[in-house]
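Notes follow the structure.
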Amino acid sequence: MLWSSSLASIVVLAASASAQLDGAQSPPSYPSPWMRGGNGWQDAYAKAQAFVSQLTLLEKVNLTTGVGWEGEACVGNTGSIPRLGFRGFCLQDSPLGIRFADQASAFPSGMNVAATWTTRLFKSRGRAMGDEHRGKGIDVQLGPVAGPLGRVPAGGRNWEGFSPDPVLTGVAIGETIKGIQDGGVIANAKHYIMNEQEHNREPSGSFAAYSANVDDKTMHETYLWPFADAVHAGVASIMCSYNQINNSYGSQNSYTLNYLLKNELDFQGFVVSDWWAQHTGVASALAGLDMTMAGDQGLASGNTYWGGNLTAAAINGTLPQWRLDDMVTRIMAAYYKVGRDTARVDVNFNSWSSETYGYIHPQANEGYQQINYHVNVQSDHAKLIREIGGASTVMLKNVNNALPLKKPKSVAVIGEDAHDNPGGPNACGDRGCNTGTLAMGWGSGTANFPYLIAPVTALRAQAAKDRTLFANVSNNYDLDAAAKAASNASVAIVFANADSGEAYITVDGNSGDRNNLTLWGNGDALIKKVASVNPNTIVVLHTVGAVIVEDLKNNPNVTAILWAGLPGQESGNAITDIIYGYRNPSAKSVFTWGKKREDWGVDVIYTPTSNPPQLNFNEGNFIDYRYFDANNIEPSYEFGFGLSYTNYSYSNLQISKNDPGPYQPTVGMTKAAPTLGTIDKDPAHAEFPTGFRAVFKYIYPYLTGPVLTNQPESWPAKSQDGSPQPRVGAGGSAGGNRQLWDVMYTVSCTVTNTGGVKGTEIPQLYLSLGAPTDPKIVLRGFDDLILDPGESNTFTYKLTRRDISNWDPVTQNWVISPYPKTVYVGASSRDLKLKGVLP
Ligand code: NOJ
C-alpha cells in the first residue's frame, strides 16, 4: 500500500510519454532545479537554509504536505513544527479578497482593475488585499491569476485574471504581486498554466483532464509571458493547474515546472498544487512540485501521496535528500522573502464556520474552541474599491451627450441587476447564483461581501438629492412594468448582466464556463423593450467578459452603454460616480467585443471527442484582438477602446535608440544541490509516537506501513542527479535572461486634453514585430495621464529587448528578427494615432 502511489506514478509517466495525440508531447526535464538564492532572494535563502538545517525528516515533510480538506481553519493548511513553536502555513483564497471571512473587503475583480490600465491601482489593490490577509493571519493569498489568460470569451474564470492580452496581464500581475507581498503576505500566481476553460479541467468519470496543446513559440510569447512578469516581480509561490499541458498533468509536468518555471524563469519560490491536482507521489516531487494541497489524495480521502509516503521515499532514497531540502527551503524562503517572520499573527478566522466557537479540525469535528475572532481588516479600503469601480467602468457608447446626467427631471432604473439580492449579497455560497446585482462571479475566486451597495440604492439617493422623480422595476420578465416605468422618464437606465465561475458550481445550466455570450435573465429583451418606449435609454452591463452588443450599439434609442464588469462591494456608488460625472470615464476595454460568437475563432470545448480531451491551441498567438486583426473581423468594440467626457489629441512621436550592447545567453554551470542537515533513515524513528492520538482523516508525516526497499529504479533519467547542471541561455535571472529588460528604444509623444473637463487618458503603445507570422500589432506599454482641460503631458515608454523579440524554438532563446518594426501610439488597438518605424 505504501508504495502504490509511486508505482502508479511510474505508470502514469510512461503513459504520458506515449500519449502523443495531435503530436503534442511534453518533453521530460530533470533534475528539478534547486534554489540558488539570486535576484533579491539572497537574505531569504540564507534564513531559510538556516531554518531548514535544524529540521528533522518528519518536520521537513510536514511543511510540504497539506493536512487534508477542512483539517484546519484555512482553505489550505500545511503541517507544523511543534518543537520549534512554528505553526503550519495558512493558504487562503482568493484573488479579490478573503474567501470565507467576515469583516473583510470584497474588491473589484482582476478584470476590473485591469480595465483601469493604471499601475498605481494595480499595486494599491494588491497592497490593500495583502494587508487584509495579513490581518487575518493568512500566509499565502491564493492569487493573482494569469491562467486563464482569457483565450475563449466564454471561459468561466477569465474575470479572476486580468485580460487576454499577455502584456496587460503581465503588468497587472506583477504590480498586484508587489502590492500583496509589500503587505507581508506570500502572493500565489495561478493557475500555471494553460488553464483556459472549466469543462473537463479535472479528471471525471472515465475522462482524464483535458490537455491544452501548445507550441513552444505560443507558450513563450503568450501564455508564459505574464508568469515571467510574476517571477520578475518576485512572486514567492505559484500554483500549478488541474489540466494537462501537452498531455502531461500540470502538477507533475517536468517541462513546465522544472524547465520553464524553475530553470528558464529562475523561479526561486515554491510550487503548490491546485487542490487535488496532484496525481503521483515521488514523480511529482521530481517533476518540481514543492507543496501538495489539500494534502489528501481526494477531498477528505484521508490518504495522501506525500505525508508518510514522502517520508518513506526519503528513507529508501527514491526521493533524494537534496530535492526534499530544496522543497522545504523554497517554502521557507518565500516566508522570509515577504517578511512573514515579523508580519505573522495567529489565524483568527475560520473558513468552515462563521460561528465564534466551533471545531479547529472541522473535518473531524474535533477541538471545540474559539475559532472566529471577527478581526476587522477593512480599514478605509472602501474608498479604493469605489475608485477602482469607477476607473474600471468602460464607456462604450455616448451619443447626444446622454451622459453625464445633470439633475434630470425623472429617472427610471430598471433591471434585477440594479437591485439587491433579497436574501442578502452572500445568500449563495461562493456566490453560486445570479440573483440581484452582479458584483463578482462564482467559485473559489470570491469573497463574502461586508455589504454591497446596489446601483438602485446609490442612484435613488442621488435622485433624492436632485429632486428627481425616481422609479424602479426589478423584475426582468415583467416587460409591461418596465415599459410603463420607462415610457415617461427623461432617462431610463437598464441594468443587465452575464455571470460565470468555477466548474464545481452550475448556475442556470452553466457549469463554470458560460453557455453563450448573451445577457442573462431576459436582459436582451428587457433592454429592447425599454428602448422601444424611451429614446434616452442608458444600458449598464455587469458582465464577466464580452457579450454580444451589436444590436445595442446600433439601436438609436440606446444613447449610452457602460460596461461596469464586476466592481465589488461599492458597485452602486462607483456607477453613480460615472453616470453623474463625478468621475470622468477613463477605462478601456481589456478584451474585444465581437459581433458574434464565432468571431473569436476559438471556443470552449463542452463535449470532449477524445480521452484525454485534446484542446489544440492551433490559433497560436492569435487570440482576442490578434485574431480579429489577422482575419479582418470588425468587432463591435475593439480591445483598448473606451470613451471619455472629454477629448484628447496625440502628437509629436519621438523615438530614440539605446545601445545596451549585444545579448549574451546565460552560460556556465550551477552549483551542486546542497543538502541541509542529515536525514535519520531509521524507519523506527518515523513511526507514529506511542500513544499518539491521530485526528480523523488528518494527514501526518509519520509512516503508515513498512518502508519498501529494492524499488524499481526506472525513474526518469537524471531525475535524482544533484550534480552541477548547465544554466539555460534564456534564463539566469528572475523572469528570464536579465538582458531581456535592457532598454532598446525610448518612445514618447504628447497627449493633450482638447475638451472641456478634466480626465485621464490611457495612451497605448502597440508594436508590429514585422514577420508574416506575427500578429498585426501587439500591446507593449501604456500609462494613465491625468489632464486638465487644455493641458498636455508626455507619454513615455521604454521598449525592452523582450518587447521587440520573438521566441526562437530552434536556439531556445529570444531573438530580434530582421523584419522592420513599427511602433504605434493611440487610444485603442484600432485607433492608432501616431506611427513610426524603429530606427
Ligand atoms: C481550486 C481552484 O482552482 C483554486 O483557484 C483555489 O485556490 C483552490 N481550489 C482552493 O480553493
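The analysis underlying the following values was restricted to heavy atoms, covering all of them including side chains, and did not include hydrogens, waters or symmetry mates. Nothing here was measured: the structure is a model prediction, and the numbers come from that model. Order of listing sets the numbers, starting from 1, for every ligand and every atom in it.
The contact set between ligand 1 and R99, taken as ligand atoms under 4.0 Å from a residue heavy atom, comprises 11 (O). In summary, the atoms of ligand 1 found under 4.0 Å from a heavy atom of R201, numbered by their order in the structure, are 3 (O). Near S444, meaning under 4.0 Å from one of its heavy atoms, ligand 1 places the atoms 2 (C), 4 (C), 5 (O), 6 (C), 11 (O). Taking every non-hydrogen atom of M239 and a distance limit under 4.0 Å, the qualifying atoms of ligand 1 come out as 7 (O). Atoms of ligand 1 found under 4.0 Å from any heavy atom of K190, numbered from 1 in the order shown, are 4 (C), 5 (O), 6 (C), 7 (O). The ligand atoms of ligand 1 that sit less than 4.0 angstrom from a heavy atom of V75 are 10 (C), 11 (O). In the vicinity of Y242, heavy-atom distances shorter than 4.0 Å reach the ligand 1 atoms 1 (C), 3 (O). If you number the atoms of ligand 1 from 1 as listed, the ones under 4.0 Å from a heavy atom of R157 come out as 2 (C), 3 (O), 4 (C), 5 (O).
Note on R157 versus D513: no salt bridge recorded, every NZ/NE/NH1/NH2 to OD/OE distance being 4.0 Å or above. With salt bridges taken as basic N to acidic carboxylate O contacts below 4.0 Å, none links K178 and D182. Salt bridge present: K190 and D93 bring a charged side-chain N and a carboxylate O closer than 4.0 Å.
For the 3.5 Å distance criterion, the side chains of D139 and Q92 fail to qualify, holding no donor opposite an acceptor.
Of the heavy atoms in M293, none comes closer than 4.0 Å to ligand 1. Neither the backbone nor the side chain of Q141 comes within contact range of ligand 1; no heavy atom lies under 4.0 Å.
Going from atom NZ of K262 over to atom OG of S32 covers 4.0 Å, rounded to the nearest 0.5 Å. A distance of 7.5 Å separates CG of L96 from CD of E160, quoted to the nearest 0.5 Å.
Annotation: atom 8 (C) of ligand 1 to nearest protein heavy atom, D274 OD1, 3.5 Å. Here the protein heavy atom with the shortest distance to atom 5 (O) of ligand 1 is H191 NE2, 2.6 Å.
With Y335 as the aromatic partner, R330 does not meet the cation-pi criteria of under 6.0 angstrom to the ring centre and within 45 degrees of the ring axis. In this structure, R201 fails the cation-pi test against Y210, since its NZ or CZ atom is not both closer than 6.0 Å to the six-membered ring centre and inside 45 degrees of the ring normal.
In this structure a side-chain-to-backbone donor-acceptor pair under 3.5 Å is missing from E366 to I360.
Distances shorter than 4.0 angstrom do not occur between any heavy atom of E160 and any atom of ligand 1.
The shortest N/O to N/O separation between D93 and ligand 1 falls below 3.5 Å.
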